[in-house]
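Heads up: the structure comes next, in structure tokens.
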Amino acid sequence: MAWKTLDDMELGGKTVLVRVDINVPMEAGRVTDMTRIDKIRPTVDDIVAKGGKVVLLAHFDRPKGKVVPEMSLSHVVDALAGSLGRKVVFAADCVGDVAAAAIAKAGPGEVVLLENTRFHPGEEKNDPDLAAQMAKLGDVYVNDAFSAAHRAHASTEGLARLLPAAAGRLMEAELRALEAALGNPQRPVVAVVGGAKVSTKIELLANLVTKVDHLVIGGGMANTFLVAEGIEVGRSLAEREMAETAREIRHRAQKAGCQIHLPVDVVVAREFKAGAESQTVSVHKCPPDAMILDAGPETVARLEAVFAEARTLIWNGPLGAFEIKPFDAATNAAAQAAARLTREGKLISVAGGGDTVAALNAAGVAEDFTFISTAGGAFLEWMEGKELPGVKALMG
Ligand code: 3PG
Ligand code: MG
């Protein structure tokens with residue numbers, strides 16, 4: 001790999017600025033999902049073991065360059081300290097005397113958390129002056145925030161160019177998993193892409209069809225592809241104006257030797273609500289007053305057959321309206337099939353992006369996948385084939 005890891009760095013007696021992503025969901029001042037916080041520990045422990053002092057830099061939410069008290073990272077201090085099993089010293093600014101004093105105060109094995117980098121307008125502008133002020137606080141830079149690596153900000157990009165820089169353990173794990181899934185994968189590769197809209201995933205689909213052997217399209221996006229083939233989808237969510245784009249993607253897939261899989265049977269209902277009366281019909285038989293809310297069992301059986309032939313699976317987005325029962329059935333069944341093949345050592349399975357992790361957690365299979373990314377937008381941009389500025393800056 002072209003980037004350095006903690007193994008390459010001399011950290012004894014050094015102050016290490018570690019960019020992490022602890023942009024976690026919070027309700028009423030409490031963290032509701034600890035995943036991103038819990039994933040920081042290996043990096044922190046390794047830096048401490050090598051004799052370094054850990055100073056965490058992070059953003060929270062989108063305060064747009066202003067101090068917004070509800071978006072203070074002080075609200076995550078207790079959760080962070082509990083997860084790390086270490087004392088956390090909080091500094092009310094990410095640069096300047098306040099930050100320097102907190103760093104000086106922290107004892108061996110203690111961790112410093114600096115206030116939300118996005119309280120400074122220079123963060124999102126990747127202002128070199130702000131990056132230089134950050135750089136003054138430490139000796140080494142470690143980026144462990146893959147999920148924020150699609151942002152070229154002062155703490156994710158500019159700073160990497162000012163200090164000796166390395167990837168943290170989570171960043172390393174993410175990059176290795178992604179390389180195994182799309183960079184240099186074992187074939188055949190199958191990608192599952194679901195979700196509501198084609199319009200938000202055009203670039204992703206266009207890139208994937210040139211890289212994978214099978215592309216499974218699910219969710220509302222599948223309806224748009226069905227419409228493009230002249231299939232009636234009743235009152236289903238579909239972007240009729242995207243039909244031409246869908247046909248272009250099909251054409252591109254054909255040229256690249258990528259097989260696209262659309263639903264052959266669907267679960268339809270008249271209402272979009274949990275427990276709505278539903279029926280399973282052929283994809284050619286959606287009643288004009290009904291909506292497609294999930295893929296049917298025949299479709300799932302075909303997907304399982306595709307998965308069984310594949311060596312690598314990459315998954316983004318649910319196959320149906322998984323957030324309301326019973327329209328989570330296809331997503332659950334397909335996820336369970338992928339999990340079983342992974343457990344049996346037959347499949348490398350990587351998933352990420354927004355709803356995907358929630359869907360896999362709901363299916364009870366997140367633990368069985370080879371790798372689940374902590375990233376939302378960064379995972380999608382990577383699937384689009386884009387270079388992530390935060391990763392690129394680590395390449396030197
Ligand atoms: C995320 O939550 O996806 C990352 O932390 C990036 O946050 P952003 O979309 O506000 O840049
Ligand atoms: Mg986001």
Side-chain angles (χ1 to χ4, degrees), residues 1-24 31 34-59 73 76-91 94 99 102-114 117 134-135 137-149 155-157 159-180 352 367 370-375 378 388 390-391 393-396:
M1 294 288 170
W3 27 270
K4 293 196 166 74
T5 74
L6 295 180
D7 300 322
D8 304 309
M9 310 305 272
E10 184 52 63
L11 300 179
K14 302 265 171 73
T15 297
V16 186
L17 304 179
V18 187
R19 179 52 158 102
V20 291
D21 188 350
I22 47 177
N23 192 22
V24 288
V31 176
M34 287 291 289
T35 311
R36 281 180 172 174
I37 289 178
D38 289 340
K39 299 257 180 195
I40 291 167
R41 187 168 181 156
T43 295
V44 170
D45 285 350
D46 282 1
I47 293 170
V48 172
K50 295 186 94 179
K53 183 184 277 192
V54 175
V55 178
L56 302 177
L57 279 164
H59 74 279
L73 279 171
V76 308
V77 167
D78 290 346
L80 184 65
S83 174
L84 294 176
R86 297 179 185 279
K87 185 173 170 206
V88 172
V89 179
F90 181 72
C94 68
I103 294 168
K105 192 176 121 194
E110 296 179 0
V111 169
V112 180
L113 174 64
L114 304 180
T117 52
M134 291 171 176
L137 299 171
D139 308 301
V140 173
Y141 173 73
V142 169
N143 191 346
D144 215 19
F146 173 78
S147 50
S155 68
T156 60
E157 206 275 347
L159 184 53
R161 305 196 179 276
L162 300 178
L163 292 175
R169 297 304 187 200
L170 177 59
M171 173 69 87
E172 232 187 291
E174 295 266 6
L175 294 177
R176 283 187 207 289
L178 300 189
E179 175 67 14
E367 297 292 310
T370 310
F371 191 81
I372 301 225
S373 177
T374 54
L388 306 181
V391 174
L394 287 180
M395 309 282 183

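These numbers come from a predicted model, not from an experiment.
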Open item on the list: Counting C-beta onward and ignoring hydrogens, is there a side-chain heavy-atom pair between Val111 and Leu84 closer than 4.5 Å?
Closed with: yes

Open item on the list: Could you check whether any side-chain heavy atom of Leu57 comes within less than 4.5 Å of a side-chain heavy atom of Leu159, counting everything from C-beta outward?
Closed with: yes

Open item on the list: Checking the side chain of Glu174 only, and the main-chain atoms of Ser373 only, is there a donor and an acceptor separated by less than 3.5 Å?
Closed with: no

Task: Considering all heavy atoms, the nearest Ala167-Met171 contact - done: CB-CG, 3.6 Å

Open item on the list: Ala58: which residues meet the side-chain contact (heavy atoms from CB on, under 4.5 Å) condition with it, sequence neighbours left out?
Closed with: Arg19, Val20, Ile22, Leu73

Task: Residue pair Asp139 / Leu163: nearest heavy atoms and the distance that separates them - done: O-CD2, 3.8 Å

- [ ] Work out which heavy atom in His59 is nearest to a heavy atom in Ala148; give both atom names and the distance.
- [x] CE1-CB, 4.1 Å

Task: Where Val142 and Ile47 come nearest, the two heavy atoms and their spacing - done: CG2-CD1, 4.4 Å

TODO: Return the minimal non-hydrogen interatomic distance between Lys105 and Glu110, and the atom names on each side.
DONE: O-OE1, 4.5 Å

Open item on the list: Under the rule for salt bridge (charged side-chain N to carboxylate O under 4.0 Å, His left out), what residues qualify as partners of Arg169, not counting sequence neighbours?
Closed with: Asp7, Asp46, Glu172

Open item on the list: Can a donor-acceptor pair be found, under 3.5 Å and without considering hydrogens, that links the side chain of Lys53 to the backbone of Ile103?
Closed with: yes

- [ ] Using the side chain to side chain contact (heavy atoms under 4.5 Å, CB included) rule, take Asp8 and Thr5 through it: C-alpha gap first, then chi angles, then the decisive distance, then the call.
- [x] CA-CA 6 Å; Asp8 304 309; Thr5 74; 3.7 Å; yes

- [ ] I would like to know whether Leu113 and Val89 meet side chain to side chain contact (heavy atoms under 4.5 Å, CB included); could you show each step before the answer?
- [x] CA-CA 6 Å; Leu113 174 64; Val89 179; over 6 Å; no

TODO: Begin with the C-alpha distance, continue with both residues' side-chain angles, and end with the deciding distance and a verdict on side chain to side chain contact (heavy atoms under 4.5 Å, CB included) for Leu17 and Leu137.
DONE: CA-CA 8 Å; Leu17 304 179; Leu137 299 171; 4.2 Å; yes

Task: Met9 side chain reached by Val16 side chain, heavy atoms, under 4.5 Å - done: no

Open item on the list: Just to verify, what does Ala393 make a side-chain contact (heavy atoms from CB on, under 4.5 Å) with, not counting sequence neighbours?
Closed with: Glu157, Ala160, Arg161

- [ ] To the nearest 0.5 Å, tell me how far Phe371 CZ sits from Leu178 CG.
- [x] 7.0 Å

TODO: Identify the heavy atoms of Val112 and Ala102 that sit nearest to each other, and give their distance.
DONE: CG2-O, 3.9 Å

Task: Electrostatic pair Asp45:Arg86 at N-O distance under 4.0 angstrom - done: yes

